[in-house]
Amino acid sequence: MQKEAKRAATLVLVRDSDEGLQTLLLRRHPQMKTAAGFWVFPGGAMDPEDGPLGEEEPMSAMRAAVRETKEEADLDIGLDDLIMVSHWTTPSGYPFRFATWFFLAEGSDAPVTVDGDEMDQAIWAVPSYFLAGHERGEMPMLPPTVVTLTELCQCADVAAVKDFYRGRAAPFIEPHRAKTKEVLCMLYPGDVGYETSDHTLAGHRNRSYCENEVWRYQFGDA
């Protein structure tokens, strides 16, 4: 029986700095049941207090993203300027499944204080810093984080990030696992092999693949 995905929300915080565009990642506590020790954007499961689902779910998800950011990082973020980035649903067959809304907001120089229960470390840095740490196997991440960081790398500053996400329709992504035993590969909508789960087809790529627990994102024609 297919397990229903739990609703969740995430907040991608960005700010300008002398080094360029920065974003905030938190490390999940090693004792967590899921994604222990992984680096993530602030966020978590939606609660009834955040509001109803159905047609009002997007606004409820915004409240959840803001609430979770306050709980995990002690940062106060307003609802007014949130921009939807994407929506990710964990593929079928996994014991823990989430349907997660990703939103963007502008951060500040306010101090970050992690809660110590769910999160045990926080870093503001340029997106390439996190991707390089992941490539070295030092900062484990899940594909939605890697994909979002890759997109942020294309933007020089906060204004460019806002223009990028306002200029595209936010994708709803439920990955299809490729039919291969050679490498773990997740195909996303728009990938040439998405409908058939065939990663060998020639054409447009929109996928992530994992080697030695490191996820890499591919986008474009091949």
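These values consider heavy atoms only, across backbone and side chains, with no hydrogens, waters or symmetry-generated copies. Here, residue 1 is the first one in the sequence, and each next residue gets the next number.
- The existence of a salt bridge linking Arg7 and Glu4 is confirmed by a sub-4.0 Å separation between a basic side-chain nitrogen and an acidic carboxylate oxygen.
- Connection of Phe219 to Phe130 is established within a shared hydrophobic cluster, with ILVMFWY side chains joined at heavy-atom distances below 4.5 Å, either directly or through further cluster members.
- Under the 4.5 Å side-chain criterion, counting only non-hydrogen atoms from C-beta, Phe102 is in contact with Val12.
- Using a 4.5 Å heavy-atom threshold, the side chains of Glu211 and Val183 count as touching.
- Here Arg67 pairs with Asp50 in a salt bridge; the nearest charged N to carboxylate O distance falls below 4.0 Å.
- Both Leu75 and Val40 belong to a single network of hydrophobic side chains, linked directly or stepwise wherever heavy atoms of I, L, V, M, F, W or Y lie under 4.5 Å apart.
- Between Cys185 and Arg207 the shortest side-chain heavy-atom distance falls below 4.5 Å.
- Between Gln154 and Phe164 there is a side-chain heavy-atom pair separated by less than 4.5 Å.
- If you look at Phe172 and Trp101, their ring centroids are closer than 6.0 Å.
- For Glu49, the CD atom sits in a packed shell: over 12 heavy atoms of surrounding residues, nucleotides or ligands are nearer than 6.0 Å.
- With a 6.0 Å cutoff to the six-membered ring centre and a 45° limit on the axis angle, Arg15 counts as a cation-pi contact of Trp124.
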- Query: Given the rule in the salt bridge (Lys or Arg N to Asp or Glu O under 4.0 Å) test, do Glu174 and Arg97 qualify, once you have shown the distances and angles that lead to the verdict?
  - Reply: CA-CA 11 Å; Glu174 184 168 357; Arg97 299 185 69 238; 3.5 Å; yes
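- Put simply, the side chain of Pro189 does not reach to within 4.5 Å of the side chain of Pro171, judged on heavy atoms.
- Within 6.0 Å of CD in Glu135 there are more than 12 heavy atoms belonging to other residues, nucleotides or ligands.
- The same ILVMFWY cluster, assembled from side-chain heavy atoms under 4.5 Å apart, contains both Leu13 and Met62.
- Using a 4.5 Å cut-off between side-chain heavy atoms of Ile, Leu, Val, Met, Phe, Trp and Tyr, with links allowed through other members, Leu24 and Val161 fall into different hydrophobic clusters.
- A donor-acceptor contact under 3.5 angstrom links the side chains of His204 and Asp221, judged on distance only.
- Side-chain contact between Glu213 and Pro140 is absent, with no heavy atoms from C-beta onward closer than 4.5 Å.
- Between the side chains of Ser208 and Tyr188, at least one donor-acceptor pair of N or O atoms lies under 3.5 Å.
- For Glu138, the CD atom is densely surrounded, since the number of other residues' heavy atoms within 6.0 Å is greater than 12.
- Within the 4.5 Å cutoff, the side chain of His87 has heavy atoms near those of the Thr89 side chain.
- Looking at Asp120 and Pro30, their side chains come closer than 4.5 Å, going by heavy atoms from C-beta outward.
- Residues Ser86 and Trp88 bring a donor and an acceptor atom of their side chains to less than 3.5 Å of each other.
- Ring pair His176/Tyr194 is parallel by interplanar angle, where below 30° counts as parallel and above 60° as perpendicular.
- A salt bridge is defined here as a Lys NZ or Arg NE, NH1 or NH2 lying under 4.0 Å from an Asp or Glu carboxylate O, and Glu56 with Arg63 fails to meet this definition.
- Side-chain atoms of Tyr165 and Glu151 form a donor-acceptor pair, as typed in the model, at a separation below 3.5 Å.
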- Start with the C-alpha gap between Tyr209 and His199, add the side-chain angles, then the distance that decides, and say whether ring-ring contact (aromatic ring centres under 6.0 Å, His included) holds. CA-CA 10 Å; Tyr209 65 95; His199 72 295; 9.9 Å; no
